[in-house]
Colleague: 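Sharing a structure below in structure tokens format, with a few things to ask.
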Amino acid sequence: MNASTHVIDKLDLISRSRIRALVAVARDFGQRGWTPATSGNYSVRLDDGRIAVTRSGADKRLLEPSDLLLPDKDGILADGVRPSAETPLHLQIYRQKPAVNAVLHVHSPAVTVASRLAVGQQGIRFHNYELLKALSGVETHDIEIELPIIANDQDMTRLAAAAEPFLSTASPCPAYLIEGHGIYAWGEEVDGAARHLEAIDFLLNCYLLERNPGS
Ligand SMILES: [Zn+2]
């Protein structure tokens, strides 16, 4: 048992159940090929306000609770172990959205290809899809939802600045795309965040099929 396992084992019931749910979702999405080559990262907000986030380089198909780290509010760890490089993007979503308790980031093929096809656009619009109702607060297919896209950047401060305008609006879209990179999706609990991600991945598959129906 390493130090992280020890810390997580001592957490309250709500936090431990969020971590268990996150590990199950990470393994499921990993099996689907959504986090190839140790990519992607996941986090949950704990009951005491801290964030548990996956460590850098973990194989998400085999994720264990001990692969989650507890950085401080600036993303720093005391023991020198590195959390995911994208931890600042998780922290930003939690800061901007107090009701959110789970953030999921994957690199699925549909997300990656759609984000490249839509380069230069502000976002991808979805309208008249029954599955839009999988998004929290959406009760009809007859609504237009825009999934924002931001340019990729290896500088997390610049990436966070590009995401800021979307996160500060009241859009019902619980996700944004990063061009040629992946998607961030969130929810009040892990199952809601996973449902959002699954629905948006499905909508992006539809978007791609409509552009290339023979594929
Ligand atoms: Zn990424």
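One-based numbering, in listed order, for ligands and for the atoms of each.
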Colleague: Measuring from the Zn ion (ligand 1), count protein N/O/S atoms under 2.8 Å, please.
Modeller: 4

Colleague: Distance check, rounded to the nearest 0.5 Å: Asp142 atom CG versus Lys133 atom NZ?
Modeller: 11.5 Å

Colleague: Taking the ring of His105 and the ring of Tyr184, is the distance between their centroids below 6.0 Å?
Modeller: yes

Colleague: Could you check whether Ser43 and Tyr94, counting side-chain N and O atoms only, form a donor-acceptor pair closer than 3.5 Å?
Modeller: yes

Colleague: What's the spacing between Leu89 CG and Met156 CE if we round to 0.5 Å?
Modeller: 6.0 Å

Colleague: What I want to find out is whether Glu189 reaches Arg18 closely enough, with some N-O distance under 4.0 Å, to be called a salt bridge.
Modeller: yes

Colleague: Indicate, with yes or no, if the rings of Phe166 and Tyr176 have centres closer together than 6.0 Å.
Modeller: no

